[in-house]
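Any value given below was found using the heavy atoms of this structure, including those in side chains, with hydrogens, waters and symmetry copies removed.
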Amino acid sequence: TSPHQTAASFKSKKSFPIIEERKHAMAIRLGDTAPDFTAETTEGTIKFHEWLGDGWGVLFSHPKDYTPVCTTELGRVANLKGEFEKRNVKVIAISVDDVESHKGWIGDINETQSCTVGYPIIADPERKVSQLYDMIHPNALDNMTVRSVFIIGPDKKVKLTLTYPASTGRNFDELLRVIDSLQLTANYQVATPADWKHGDDCVVVPAIKTEDIPAKFPKGHKEVKPYLRMTPQPNI
């Protein structure tokens, strides 16, 4: 092996883990504690964990104010606020513009989407929260946030992350479906199969022994395979 090859090999081995380490340090993964922060919002200053309290939360980002897709999204969430509240879920949006810009934009949202925005929008002109949550993907949107979603449980752990491109509006019915699934797992030890919707049968989690199912799920169960046991949704 030549000295040049040895040096190149050494450099490659040393630099690759460093790049990976940086990448992983920025990412928020499922099960991580959602980073806490203090920020100005359209409803005053909040401390995020304190604001969440002991319930669930949805934090979702927008590239900037006065953009068409975002306007429809914020309006949709406003009209679904009752559905989130039924599930003990607080919703909070974030955009890189300031509070005054947000307040002006809310007027447009209420007018065009036939709603009343009744949840806070975080002002993040210095991109502090956006960077904390890795919401800025420079290869996609320069210095604006992509459409990130974080569902956070009562334990302040991240339960779901989703990232959409700026051009695609989110499906908030799907987010409600995911929250229903997460809450079923948290409360009843069931999982949900592909394309599950409220009222469908659920999967008994593998941790529960088949002989213990009748006592835990009195509605009955069906053993499709020893590892695939189905039971009616337990909370209806």
Side-chain angles (χ1 to χ4, degrees), residues 26-30 32-53 55-81 84-85 89-110 113 115-153 156-172 174-176 178-179:
M26 290 190 298
I28 294 176
R29 297 177 171 183
L30 300 184
D32 289 352
T33 298
D36 198 10
F37 58 84
T38 301
E40 297 302 317
T41 80
T42 51
E43 297 185 1
T45 304
I46 67 157
K47 294 182 177 179
F48 187 51
H49 282 192
E50 184 179 294
W51 177 83
L52 283 171
W56 293 71
V58 174
L59 170 65
F60 62 113
S61 63
H62 300 270
K64 63 183 299 186
D65 292 359
Y66 297 102
T67 49
V69 176
C70 299
T71 299
T72 65
E73 288 188 319
L74 288 165
R76 178 65 174 150
V77 172
N79 285 324
L80 286 172
K81 191 162 184 277
F84 286 107
E85 288 174 345
V89 178
K90 288 184 172 182
V91 294
I92 188 166
I94 178 171
S95 175
V96 297
D97 294 301
D98 61 29
V99 168
E100 289 309 306
S101 175
H102 290 353
K103 287 181 176 178
W105 185 26
I106 285 172
D108 282 4
I109 297 165
N110 291 342
Q113 306 303 306
C115 67
T116 300
V117 173
Y119 55 87
I121 305 175
I122 296 166
D124 195 31
E126 296 180 1
R127 278 63 169 172
K128 289 181 179 179
V129 178
S130 301
Q131 295 286 2
L132 189 63
Y133 276 79
D134 193 27
M135 293 172 172
I136 295 175
H137 298 187
N139 291 331
L141 261 190
D142 192 20
N143 65 344
M144 294 188 297
T145 51
V146 291
R147 297 186 195 285
S148 298
V149 183
F150 298 88
I151 295 179
I152 299 161
K156 307 299 184 293
K157 304 290 187 183
V158 175
K159 308 299 183 182
L160 171 138
T161 66
L162 281 172
T163 302
Y164 289 68
S167 56
T168 303
R170 285 162 280 209
N171 184 332
F172 289 95
E174 166 63 4
L175 292 181
L176 288 171
V178 171
I179 290 166

Could you give the distance from CG (N79) to SG (C115), rounded to the nearest 0.5 Å? 5.0 Å
Could you grab the distance from atom OG1 of T71 to atom CG of N110, nearest 0.5 Å is fine? 11.0 Å
Side chain of K159, backbone of F150: donor and acceptor closer than 3.5 Å? no
Is there side-chain contact between P120 and I46, with at least one heavy-atom pair below 4.5 Å? no
Between V91 and F60, what is the shortest heavy-atom contact and its length? CB-CE2, 4.4 Å
With no hydrogens and no angle check, is any side-chain donor or acceptor of T41 less than 3.5 Å from a backbone partner on E43? yes
Just by distance, do the side chain of S148 and the backbone of S61 share a donor-acceptor pair under 3.5 Å? no
If you look at every heavy atom in F172 and R76, which pair is closest and at what distance? CD1-CG, 4.0 Å
Measure the OG1-CZ distance between T161 and R29 for me, rounded to the nearest 0.5 Å. 10.5 Å
How far does CG of L80 sit from CG of L175, to the nearest 0.5 angstrom? 9.5 Å
Pairwise side-chain contact, L52 with K156, heavy-atom cut-off 4.5 Å (strictly under): yes
Donor-acceptor check, side chain of Y164 to backbone of G169, threshold 3.5 angstrom: yes or no? no
Within the structure provided, determine whether V58 and I179 are in side-chain contact (heavy-atom separation under 4.5 Å). yes
Criterion side chain to side chain donor-acceptor pair (under 3.5 Å) on D97 and H102, from CA distance to verdict: CA-CA 7 Å; D97 294 301; H102 290 353; 5.5 Å; no
Close aromatic pair by centroid cut-off 6.0 Å: F84 and Y119: no
Side-chain (E73) to main-chain (R170) donor-acceptor, under 3.5 angstrom: yes
Between A27 and D32, what is the shortest heavy-atom contact and its length? O-OD2, 4.1 Å
Do the ring planes of F48 and F37 sit parallel (below 30°), tilted (30 to 60°) or perpendicular (above 60°)? parallel
Over all atoms of both residues, closest heavy-atom pair of I28 and L132: CD1-O, 3.8 Å
Compare every heavy atom of I122 with every heavy atom of A39, then report the nearest pair and how far apart it is. CB-CG2, 3.8 Å
Point-to-point distance, once rounded to the nearest 0.5 Å, from SG of C70 to NZ of K64: 10.0 Å
What residues, two or more places apart in sequence or in another chain, satisfy salt bridge (charged side-chain N to carboxylate O under 4.0 Å, His left out) together with E126? K128
State the CG-CE distance between L59 and M135, to the nearest 0.5 angstrom. 4.0 Å
Would I94 and Y133 count as a side-chain contact (heavy atoms from CB on, under 4.5 Å) here? Give the steps. CA-CA 11 Å; I94 178 171; Y133 276 79; over 6 Å; no
After noting the C-alpha distance and the side-chain angles of V149 and E174, does the key distance pass the side-chain contact (heavy atoms from CB on, under 4.5 Å) rule? CA-CA 12 Å; V149 183; E174 166 63 4; over 6 Å; no
Is the backbone of K47 close enough, under 3.5 Å, to the side chain of D36 for a donor and an acceptor to pair up by distance? no
For the residue pair V69 and T168, what are the closest heavy atoms and their distance? CG1-C, 4.3 Å
If we ignore hydrogens and angles and just use 3.5 Å, is the side chain of T42 paired with the main-chain N or O of I121 as donor and acceptor? yes
Please name all residues satisfying salt bridge (charged side-chain N to carboxylate O under 4.0 Å, His left out) with K81, sequence neighbours left out, ordered by chain then number. E85
Quick check against the 3.5 Å criterion: does H49 have a side-chain atom that pairs as donor or acceptor with the backbone of A34? yes
Just to verify, what does E40 make a salt bridge (charged side-chain N to carboxylate O under 4.0 Å, His left out) with, not counting sequence neighbours? none
